[in-house]
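Worksheet for the structure shown next.
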Amino acid sequence: MLRTRTCGELRAAHVGRAATLCGWVDSYRDHHGVVFVDLRDRWGKTQIAFRLDLAADIQELARSLRLEDVIRVTGDVAHRGEDRVNPKLETGAVELHAAQLEVLNRSRTPPFQPGTSELPNEELRLTYRFLDLRRRELQRALRVRHQVCKLTRDYFDSHDFLEIETPMLGRSTPEGARDYLVPSRVHPGSFYALPQSPQIYKQILMVSGCDRYFQLARCFRDEDLRADRQPEFTQIDVEMAFVDRDDILDEIDGLLAHLVQGIRGETLQLPLPRYQHREMLERYGSDKPDLRFGMELVDISGIAAASDFGVFKTAVASGGRVRGIRAPGAADRYSRRMIEEDLTRIAADFGAKGLAFFKVVGGKLESTIAKFFSDEQRQEILRAFGAADGDLLLFVAAADAVSSPALAALRNHLGRELKLYDPRELNCLWVVDFPLVTWNKDENRWDAEHHPFCSVMPEDVPLIQSDPGKVRALSYDLVVNGYEAASGSIRIHDPKVQQSVFDLLGISEEQAEARFGFLLEALRYGAPPHGGIALGLDRWVMLFCGYDNIRDVIAFPKTQKASDLLSGAPSPVDDRQLRELSIRVELPQG
RNA sequence: GGGGCCGUAGCUCAAUUGGUUAGAGUACCGGACUGUCGAUCCGGAGGUUGCGGGUUCAAGUCCCGUCGGCCUCGCCA
């Protein structure tokens, strides 16, 4: 080893001993006669003192050091003295009195300094990702990510699961997300698809008698990106045989408790609460509500219909509802203009035609629309919300399909802006009893809410034909701080039920055979009842770190247009490569 | 595919209503200083205002197009 200690290691107890450190120059201060260098590695920073009176021969070399140079220093660990301790550094009580200095490598002047708090724009960070990854925040993310992986493997190993790898080169199934395709050289005109998830393989592993499977699986989806979505991501993929829904929820409860204990040293209260899908939609307007704060939706359709406010009356008369939320203490924070522009825009994103509001002042409702409500109606509204002075009430009058997501988005926005929760908290809950299918009015058909192999609540099986929208699935989501952090289901193992679901989804027997015939065939040879779940590993790391962007927990992420600015991927390829693959490229016009 | 925000020195930002030679901090280069830790002080260098076009006596600023980054709706079984 080139070093005897790391830069995060030395303490007062080491004073008087010799040490050799290696690392990057995080900062330097030249006092002519004494040069200070803060040396950084993965473990921390240590101040090096190059003193003219102790080591005159290396003084000139020390003065030449610049940011991000890589050096090796040998010297004695020394007390800094009472009044010179730096409380900001773990190693702040000591410094290394350098006797020998070796410059292992000079750095070009870096385009930005990993050691400062001032962040450059993300484009530059991604282009120089190797510098960005030197920053403390990203180093922390990499460490937490490693811990999540390690703790996950430990947990499932101790629960008798097998970690099994499934193919990256698989068969394209046109269901679901767009596939990333890989051309086959030996089968001209044919393509593999990168897995959107190992869904079919893990079900086949259950048929194979593996019984308990997990995998840290890379998945690929060629869809548009978001702050919490990358084209390639990692799932903690799990499947179990001979289980019912609650067995799986219990198993994952245990995993989460293990992770929270291992990463934060905190105890997670089990079991995690399990809520009905319908209830979450009614109370929060979302199937993935952030329950770190309250602010439940309140229905005032009755009062609205009796009022003189045309917009409200019309909405109720045409089958919609008038629902609102109460933003505590927000009346002064949002001016009329901010409500009518910023907040209304959020609601408008989801199709809301407008956003009505009241401010509660002196026990009364103030608003441009207050005149349309009688004193008694205003009192009813105050009571319905339990509103107090300083509160802001916001209303959307529309069909639920519009007002639910609009109010849910407003709720999230207000919760964040009004700081209604502790950003460190991890609020976990299960949402169960999802509908099996939802009506796709553009395509005029039923779409699977989860996927076509998702099992049906036994008592709802007769409804598949009579009232498909009411059929509840044996599926479940794990929601954390408003993010979908895991999703799974019990699978269908009865061919008759499977056929009726395919019928409902408009998938013919021929189509089913063509797309996933190999799974259906496997299910005919003694498939055990089974089910599983997949956790979004990247999102979990993001949540554990308290970050709001998935790119910050991925070593080499892609931009919103799915480019890798570091490597320049994707890129054109040689004609020779294309010829080998029997591929001709035709670029879009313009 | 739609909506929004952004792009000025290596970096972070400023530049009045369209008007003088586009400024500051930091990094970089040189100098001073034996205890700093965001070191300090003195000096220097550093600009195709993303790119292309247009309007104007005059454009960083206004208009059109385009490229790139971020947020978001659709999309993501």
Side-chain angles (χ1 to χ4, degrees), chain A residues 26-38 45-54 56 59 63-64 66-68 78 80-81 83-89 91-92 95 97 108-128 131 173-179 196-197 199-200 219-231 233 341-342 345-351 405-406 409 412-413 436-438 440 442 446-454 473 475 484 487 489 501 505 507 515-516 536 548-549 551 558-561 563 565 590:
Chain A
D26 191 70
S27 66
Y28 62 90
R29 297 169 290 282
D30 181 357
H31 287 253
H32 200 270
V34 56
V35 175
F36 296 103
V37 165
D38 288 349
K45 288 191 236 175
T46 301
Q47 175 165 287
I48 317 292
F50 296 92
R51 285 170 44 162
L52 191 59
D53 57 337
L54 296 179
Q59 186 69 192
R63 296 190 69 192
S64 77
R66 291 297 178 269
L67 298 178
E68 302 307 317
R80 290 198 186 186
D83 52 338
R84 295 179 191 160
V85 168
N86 183 351
K88 291 185 210 159
L89 290 184
T91 62
E95 64 188 9
H97 285 169
R108 280 191 173 186
T109 300
F112 61 94
Q113 288 82 51
T116 65
S117 54
E118 208 171 53
L119 267 183
N121 72 61
E122 194 158 2
E123 195 174 348
L124 197 76
R125 291 174 51 202
L126 290 170
T127 305
Y128 293 90
L131 293 180
T173 56
E175 298 285 311
R178 221 172 275 120
D179 284 323
Q196 296 174 22
S197 80
Q199 181 62 37
I200 290 175
C219 305
F220 305 85
R221 293 178 190 175
D222 186 6
E223 296 292 347
D224 286 346
L225 275 49
R226 289 285 188 284
D228 63 345
R229 274 173 16 198
Q230 280 275 300
F233 59 101
E341 288 177 15
D342 303 347
R345 166 179 247 134
I346 293 170
D349 273 348
F350 298 88
N412 283 335
H413 179 82
L436 182 73
V437 291
T438 50
N440 181 333
D442 295 331
W446 293 101
D447 280 346
E449 171 84 14
H450 186 56
H451 60 55
F453 316 112
C454 178
S475 66
E484 180 191 309
S487 181
S489 66
V501 170
L505 297 174
I507 301 173
R515 291 179 194 176
F516 11 78
D548 54 12
N549 192 308
R551 292 185 298 278
K558 297 198 168 38
T559 68
Q560 198 177 41
K561 288 194 176 162
S563 301
L565 297 181

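What you see is a predicted model, and the numbers here were worked out from it, not measured in a lab. We name chains A, B, ... by the order of the sequence lines, and we start the count at 1 in each one. The figures that follow rest on heavy atoms only: side chains count, while hydrogens, waters and symmetry mates do not.
The base-pairing partner of G7(B), taking Watson-Crick or G-U wobble contacts with both distances under 3.5 Å, is C67(B). Base pairing annotation: U12(B) forms a Watson-Crick or G-U wobble pair with A24(B), both donor-acceptor distances under 3.5 Å. C57(B) and G19(B) make up a base pair, with Watson-Crick or G-U wobble contacts both under 3.5 Å.
Not counting sequence neighbours, the partners of Arg551(A) by the side-chain hydrogen bond (donor to acceptor under 3.5 Å, both in side chains) test are Glu122(A).
Proximity of a side-chain donor or acceptor of Glu223(A) to a complementary backbone N or O of Arg178(A) within less than 3.5 Å is detected. Checking side-chain atoms of Glu95(A) against main-chain N and O of Ala49(A) turns up no donor-acceptor pair under 3.5 Å. Using modelled atom types, no side-chain atom of Arg80(A) and backbone atom of Val85(A) make a donor-acceptor pair closer than 3.5 Å.
For C5(B) and C62(B), the P atoms lie 12 Å apart once the distance is rounded to whole Å. When the P atom is compared between A39(B) and C28(B), the two are found 11 Å apart, to the nearest whole Å. The same atom, P, is picked in G19(B) and in G10(B); the two are 25 Å apart, to the nearest Å. Separating the C1' atom of U21(B) from that of U12(B) is a span of 24 Å, rounded to the nearest Å. Taking the C1' atom of each, U20(B) and G60(B) are spaced 16 Å apart, rounded to whole Å. Nucleotides U40(B) and A27(B) place their P atoms 8 Å apart, quoted to the nearest Å. Taking atom P in both G25(B) and C67(B), the straight-line distance is 38 Å, to the nearest Å. The gap from the C1' atom of U26(B) to that of A14(B) amounts to 14 Å, rounded to the nearest Å.
Residue Phe36(A) and nucleotide U36(B) are classified as a stacked aromatic pair, their ring centres being separated by less than 5.5 Å at an interplanar angle below 30°.
Residue-level contact check: Leu124(A) touches the backbone only, with heavy atoms under 4.0 Å from sugar-phosphate atoms and none from bases. Here Tyr28(A) lies in heavy-atom contact (under 4.0 Å) with sugar-phosphate atoms only. Residue Leu67(A) is classed as a sugar-phosphate contact, given heavy-atom separations below 4.0 Å to backbone atoms only. Asp349(A) comes within 4.0 angstrom of the backbone, heavy atoms only, and of no base. Contacts of Arg125(A) with the nucleic acid, taken as non-hydrogen atoms under 4.0 Å apart, are absent. Using a 4.0 Å heavy-atom criterion, one finds that Leu119(A) contacts the sugar-phosphate atoms exclusively. In this structure, Asp447(A) reaches neither bases nor backbone, as no heavy-atom distance under 4.0 Å exists between it and the strands shown.
For G35(B), the base has a donor-acceptor partner in the side chain of Glu95(A) [N/O atoms by modelled type, under 3.5 angstrom]. Donor-acceptor pairing under 3.5 Å, judged by distance alone, is present between the side chain of Gln47(A) and the base of U36(B). Arg229(A) contributes a side-chain N or O that forms a donor-acceptor pair with the base of C75(B) under 3.5 Å. Side-chain N/O atoms of Arg221(A) and base N/O atoms of C75(B) include no donor-acceptor pair closer than 3.5 Å. Side-chain atoms of Gln113(A) and base atoms of U12(B) include no donor and acceptor less than 3.5 Å apart. Scanning atom types as modelled, one donor and one acceptor separated by under 3.5 angstrom connect the side chain of Arg226(A) and the base of G74(B). Taking only distance into account, the side chain of Asn121(A) never meets the base of G7(B) through a donor-acceptor pair shorter than 3.5 Å.
Taking atom CG of Asn86(A) as the reference point, atom P of G35(B) lies 17 Å away to the nearest angstrom. Protein atom CG of Leu565(A) is 13 Å distant from nucleotide atom C1' of C67(B), rounded to whole Å. One interatomic measurement links the two molecules: NE2 of His31(A) to P of G31(B), which rounds to 17 Å at whole-angstrom precision. Between the CZ atom of Arg51(A) and the P atom of C37(B) there is a distance of 17 Å, rounded to whole Å. At whole-Å resolution of the value, CG in Asp224(A) and P in G3(B) are 14 Å apart. A straight line from CD of Gln560(A) to P of G7(B) spans 18 Å, rounded to a whole angstrom. Here the C1' atom of nucleotide G30(B) and the NE2 atom of His32(A) are 13 Å apart, to the nearest Å. Taking atom CD of residue Glu122(A) and atom C1' of nucleotide G7(B), one finds them 15 Å apart after rounding to whole Å.
Closest non-hydrogen pair, Leu67(A) versus Tyr28(A), comes out as N-CE2, 3.9 Å.
Note on Arg551(A): a side-chain N or O is less than 4.0 Å away from OP1 or OP2 of C71(B). The phosphate of U36(B) has neither OP1 nor OP2 within less than 4.0 Å of any side-chain N or O from Arg29(A). Distances shorter than 4.0 Å separate none of the side-chain N or O atoms of Ser27(A) from OP1 or OP2 on C37(B).
Nearer the 5' end of RNA chain B, as judged by each residue's closest nucleotide, is the contact made by Asp53(A), out of Asp53(A) and Phe453(A). With RNA chain B read from its 5' end, the first of the two nearest nucleotides for Lys561(A) and Thr173(A) is the one closest to Lys561(A).
Each of G69(B), U12(B), U36(B) was ranked by its minimum atom distance to the side chain of Ser563(A); first place goes to G69(B). Nearest to the side-chain atoms of Thr109(A) among the listed nucleotides C37(B), C28(B), C33(B) stands C28(B). Nearest to the side chain of Arg84(A), among C37(B), C29(B), C76(B), sits C37(B). If you check C70(B), G30(B), C76(B) against the side chain of Arg66(A), the one that comes closest is G30(B). For Ala177(A), whose side chain is taken as the heavy atoms from C-beta onward, the closest listed nucleotide among C33(B), U36(B), C76(B) is C76(B). Of the listed nucleotides (U36(B), C11(B), A27(B)), C11(B) has the atom at the smallest distance from the side chain of Pro120(A). When distances are taken from the side chain of Glu223(A) to each of C37(B), C76(B), G69(B), the shortest belongs to C76(B). When the nucleotides G35(B), C11(B), G3(B) are ranked by their closest atom to the side chain of Arg345(A), G3(B) comes out on top. Listed nucleotides C71(B), G69(B), U34(B) differ in distance to Glu123(A); the shortest reach to its side chain belongs to G69(B).
Of the charged side-chain nitrogens involved, none lies within less than 4.0 Å of a carboxylate oxygen, so that Arg229(A) and Asp224(A) do not count as a salt-bridged pair. The pair Asp30(A)-Arg63(A) meets the salt-bridge criterion, with a side-chain N (NZ, NE, NH1 or NH2) lying under 4.0 Å from an Asp/Glu carboxylate O.
One finds the CD atom of Glu68(A) at 10.0 Å from the OG atom of Ser27(A) (value rounded to the nearest 0.5 Å).
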Legend entry - Stepwise side chain to side chain contact (heavy atoms under 4.5 Å, CB included) check, Val35(A) with Gln59(A): CA-CA 8 Å; Val35(A) 175; Gln59(A) 186 69 192; 3.7 Å; yes
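Heavy-atom neighbours of Phe220(A) CZ from other residues, nucleotides or ligands within 6.0 Å: above the threshold of 12.
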